[in-house]
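Here's the structure, in structure tokens; my notes come after.
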There are 2 protein chains.
Amino acid sequence: MAKDDPEQTVTRAHLQQMITFRVSRLHARLNAQANRILKESSDLSLMQWRVFVTLETMGKITPSEIIRQTNLDKGQLSRAIKSMLDRGLISSETCESDQRAHYIDFTPKGLEHFNRARPHMRARQERLMGSLTPDEQRELFNALQKLDAVVDEMDGKE
Amino acid sequence: MAKDDPEQTVTRAHLQQMITFRVSRLHARLNAQANRILKESSDLSLMQWRVFVTLETMGKITPSEIIRQTNLDKGQLSRAIKSMLDRGLISSETCESDQRAHYIDFTPKGLEHFNRARPHMRARQERLMGSLTPDEQRELFNALQKLDAVVDEMDGKE
DNA sequence: ACTTTTTAGTTGACGCGTCAACTAGTCTTG
DNA sequence: CAAGACTAGTTGACGCGTCAACTAAAAAGT
């Protein structure tokens, strides 16, 4: 804030005060950063990374279950999985109890990619969160959650 | 198959704890909401709305100045302005001191569109922020700013 | 004055996110 | 067990955001 002249502080105020705008800008930057790190470290897309994170936490899983857990887009996920199968990053096993569904899981190759990305992604996560005190972290997540909730309300789920 | 059990709380934790993911999801929802409201109320895109907000706060202004203030994308802004000119929502006046630049400003028609959107957008903004106490609001903006700053650091501007 | 560097703005390419339509398998309920 | 409703997953269309290349004008360096 050192070099900001008074004009800027005023003029910036309006748009900068709108959370949609702030969130949008932050999103763009975080996104770009994550993509860059993933590309450099492991040749994964952010989507693919997220599939892996989900696999890691939940183990062998079906796409629809991933969607339930993450709210990712159906189509987007479907394509990501397809490309991961093509590249041999995950394996697919059709579910016997439901012929529509299939379980996906790490392949050794996929795990290797994931493990190459992991330290970088973890370091990033820690650096990001490290810029906030535990209190600030709680407040941030709290606020994000409340905003999520109010969007729910507004978008008809009331 | 899996329904609500305590496990879910745990399994959700991993991805949900990552701010990039949280921010990304919230961004998507806020974005969709804003676009819907704008479309319904005034047939403006979010980008066009943002141009108007900037015009309102800063008055007649050049695109490059908008970029300086908002960090919007050059190309995106250029196209938005073009479409707004085509639709007669803004006027353009070439800058005499710099032949490359041009000032843009509201036309009556543009102002009308803006004014139609405004109450809805304001109501939304207030409802969003209204879900947070003043303290929480401060904490949220504080956290967003710190995250912005740490991304700056990480992305080489150090 | 003239060459180089910076800045304003435009354009094209391309991938991602979003939405809706669609197929196919499964569940429900009479 | 048949008809409709629901769920899993795929595909296509399309707009938006992102990045880089490009033109043209202005500033800065020599």
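Just so we're on the same page: letters track the sequence lines, and every chain starts at 1.
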inquiry  = Please identify which of these residues, Thr20(A), Asp152(A), Asn71(A), meets the side chain to side chain donor-acceptor pair (under 3.5 Å) condition with Arg29(B).
reply    = Asp152(A)
query = Which residues pass the side chain to side chain contact (heavy atoms under 4.5 Å, CB included) test with Glu56(B), sequence neighbours left out?
reply = Phe106(B), Phe114(B), Arg118(B)
If the condition is salt bridge (charged side-chain N to carboxylate O under 4.0 Å, His left out), which residues does [X] pass it with, not counting sequence neighbours?
{"X": "Arg79(B)", "answer": "none"}
{"X": "Asp86(B)", "answer": "none"}
{"X": "Lys74(B)", "answer": "none"}
{"X": "Arg124(A)", "answer": "none"}

Output the rounded distance in Å from [atom1] ([X]) to [atom2] ([N]).
{"X": "Leu30(A)", "N": "dT18(D)", "atom1": "CG", "atom2": "P", "answer": "12 Å"}
{"X": "Met47(A)", "N": "dT18(C)", "atom1": "CE", "atom2": "C1'", "answer": "12 Å"}
{"X": "Ile67(A)", "N": "dT18(C)", "atom1": "CD1", "atom2": "C1'", "answer": "13 Å"}
{"X": "Arg29(A)", "N": "dG17(D)", "atom1": "CZ", "atom2": "P", "answer": "17 Å"}

query = Taking for each residue the nucleotide of DNA chain D with the nearest heavy atom, is it Cys95(B) or His27(A) whose nucleotide lies nearer the 5' end?
reply = His27(A)
key: Reading 5' to 3' through nucleotides 8-16 of chain C, protein heavy-atom contacts under 4.0 Å coded B for base, S for sugar-phosphate only, - for none   = SBBBBB---
